[in-house]
Participant: 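Take a look at the following structure, please.
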Number of protein chains: 2
Amino acid sequence: MTTEKLSTEIRKEQIAEAVLQVLGDNNIKRFNMADIAGQVGLVPSALYRHFKGRDALMSAVLELIRSKLYGNIEAVRQQTDGAVDRLRDLLFRHGQLICQNHGIPRIIFSDELWGQKRERRQRVYRIVTGYLAEIEDIIREGQDQGSIRRDIQARVMAAMFFGIVQPAALLWHMSDGVYDVEGHVTAAWPIFLETITR
Amino acid sequence: MTTEKLSTEIRKEQIAEAVLQVLGDNNIKRFNMADIAGQVGLVPSALYRHFKGRDALMSAVLELIRSKLYGNIEAVRQQTDGAVDRLRDLLFRHGQLICQNHGIPRIIFSDELWGQKRERRQRVYRIVTGYLAEIEDIIREGQDQGSIRRDIQARVMAAMFFGIVQPAALLWHMSDGVYDVEGHVTAAWPIFLETITR
DNA sequence: AATTAATGTGAAATTAAATTCACAACGATG
DNA sequence: CATCGTTGTGAATTTAATTTCACATTAATT
């Protein structure tokens, strides 16, 4: 068998992406090293050249997820002006992100994260709360500028914002992609908008 | 070792509950038969007197979850009058249910459900959509009676309602019970209320 | 072109479960 | 109180995955 050799940096990236893809191709169970290796075109033992073990791989996947989530925050900050419009953009981006990589919720909720290592759980907790804090910041900016009402705590609003996508993602996930996330988000946004302005 | 013998009906119940408890005692990983057996005071092989295998056990746990969820629907229908008050009750009950048995989200999102059997996933899907349909019904009743505004689709409102608890549950879950779900729900309810009434 | 370090391979060892099975204890029933 | 079906036990067995290891191949450097 001839497999091209690539630098470990590229491989690490590939492998972490492969985890999301494999979990996304919603056919099978908890990912296993063999599947991942197959996806990248390697043999299982080769993964150990790049990651100490399954645990380290998991860590890399979390980092990948983190970067994807925060990438959206960056994007709306750069491409959109005004808190309200940023929120709308972020909402749709978030929906798309979850649908396109539904390995993400699989990882976030995976049994793996909840067992053993408390650190693991805490890391995910920090990722999610960090993301919520970013949303909160955007909301607060809107409140300062007067485009978002001030009599609701930004923190609560941020959680509710997050709660628009979450159930939709769950349903989409369970329905094998049948449930219409974009439709839900499209319908829910104006309601949320009305709630936070006015 | 002397262990009391009990009828298989009682045992099945005990064992399914044990799964939720074990997963709830958020210490360790995906549940294993040994842990479950231990929790009930049995030896692993004894479980096979009551369930064909892990799969059948899983099925029983799903049924248990379903009954707990729909139990709340029943309860608010009987104990509370008026759509709006019913929704409020249901919201708090739901929050408590998830916090007290956080084995529930663990199961709902467990890797096990997503692998192999499509039936499994579909069963969970039906449980969740059924629950949402019940919420939708309550909302629609409110719309008919005029206590809830008619210009928002009941379906969308139901999903948003569901979305109040979900992020809170996630955070609570990940924070090892530190995150204040009741606080969030308490803060979010009046906002939601304002949204759905006038 | 030879050396070396990095990456890839295939087979084997390890690990951790679920599961099976032969047997024991119990409880109901005649 | 003897029997029979049910429930429980402990020791194997099976299964399925991760991981290790000795060896092969490649890329880079000289």
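Residue numbers begin at 1 in each chain, while the letters A, B, ... track the order of the sequences. The structure presented is a predicted model; accordingly, all values stated were derived computationally and were not measured.
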Participant: Let me know the distance between CG of A:Leu47 and P of C:dG8, rounded to the nearest Å.
Facilitator: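 Nearest whole value for this atom pair: 9 Å.
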Participant: Between atom CZ in A:Phe51 and atom P in C:dA6, what is the gap in whole Å?
Facilitator: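 Going from A:Phe51 (CZ) to C:dA6 (P), I get 17 Å.
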Participant: Let me know the distance between OH of A:Tyr48 and C1' of C:dA12, rounded to the nearest Å.
Facilitator: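 It works out to 14 Å between those atoms.
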Participant: Can you name the ring-ring contact (aromatic ring centres under 6.0 Å, His included) partners of A:Tyr179, sequence neighbours left out?
Facilitator: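 None.
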Participant: Without decimals, in angstroms, what is the distance between B:Asn32 CG and C:dT15 P?
Facilitator: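 Result: 18 Å.
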Participant: Is A:Arg49 touching bases, backbone alone, or none of the nucleic acid, heavy atoms closer than 4.0 Å?
Facilitator: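 Contact class for A:Arg49: base.
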Participant: Scan for side-chain hydrogen bond (donor to acceptor under 3.5 Å, both in side chains) pairs involving residues 148-164 of chain A, sequence neighbours excluded, and state none if there are none.
Facilitator: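 The answer is A:Arg149-A:Asp151, A:Arg149-B:Glu194.
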Participant: Starting at CZ of B:Arg54 and ending at C1' of C:dA18, how long is that distance when rounded to a whole Å?
Facilitator: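 Answer to the nearest Å: 8 Å.
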Participant: Quick one: the side chain of A:Ser45 and the base of C:dG10, do they pair up donor-acceptor inside 3.5 Å?
Facilitator: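 Result: at least one qualifying N/O pair found.
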Participant: Please answer whether the main-chain N or O of A:Ile127 pairs with a side-chain N or O of A:Tyr70 as donor and acceptor at a distance below 3.5 Å.
Facilitator: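 Checking the backbone N and O of A:Ile127 against the side chain of A:Tyr70, a donor-acceptor pair under 3.5 Å is found.
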Participant: C:dA16 C1' sits how many Å from B:Asp35 CG, rounded?
Facilitator: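 It works out to 12 Å between those atoms.
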Participant: Below the 4.0 Å mark, does C:dG8 have OP1 or OP2 next to a side-chain nitrogen or oxygen of A:Arg11?
Facilitator: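 So the side-chain polar atoms of A:Arg11 do come within 4.0 Å of the phosphate oxygens OP1 or OP2 of C:dG8, strictly under.
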Participant: Donor-acceptor pair, B:His102 side chain versus B:Leu97 backbone, under 3.5 Å?
Facilitator: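 Such a contact is absent between B:His102 side chain and B:Leu97 backbone.
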Participant: Measuring from the side chain of B:Met33 (C-beta onward, heavy atoms only), which nucleotide among C:dT19, C:dT7, D:dT19 has the closest atom?
Facilitator: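 Closest of the options to the side chain of B:Met33: C:dT19.
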Participant: Just compare C:dT7, C:dA17, D:dG8 and give me whichever is closest to any side-chain atom of A:His50.
Facilitator: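 Nearest to the side chain of A:His50 among the choices is C:dT7.
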Participant: Can you measure A:Ile10 atom CD1 to D:dT26 atom P for me and round it to whole angstrom units?
Facilitator: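 Interatomic distance, CD1 of A:Ile10 to P of D:dT26: 18 Å.
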Participant: B:Lys52 or A:Val43: which one's nearest nucleotide on DNA chain C is closer to the 5' end?
Facilitator: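 Nearer the 5' end of the strand: A:Val43.
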Participant: Ignoring backbone atoms, establish whether A:Ser7 has a side-chain N or O less than 4.0 Å from OP1 or OP2 of C:dA6.
Facilitator: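 So the side chain of A:Ser7 is outside the cut-off, no N or O lying under 4.0 Å from OP1 or OP2 of C:dA6.
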Participant: Return the value, rounded to whole Å, for the distance between atom CG of B:Leu42 and atom C1' of C:dC26.
Facilitator: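 Rounded to whole Å, this separation is 14 Å.
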Participant: Would you say a side-chain N or O of A:Thr3 is under 4.0 Å from OP1 or OP2 of C:dT9?
Facilitator: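 Looking at the OP1 and OP2 atoms of C:dT9, one of them is under 4.0 Å from a side-chain N or O of A:Thr3.
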Participant: Has A:Arg86 got a side-chain atom pairing as donor or acceptor with A:Arg77's backbone, closer than 3.5 angstrom?
Facilitator: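 Yes.
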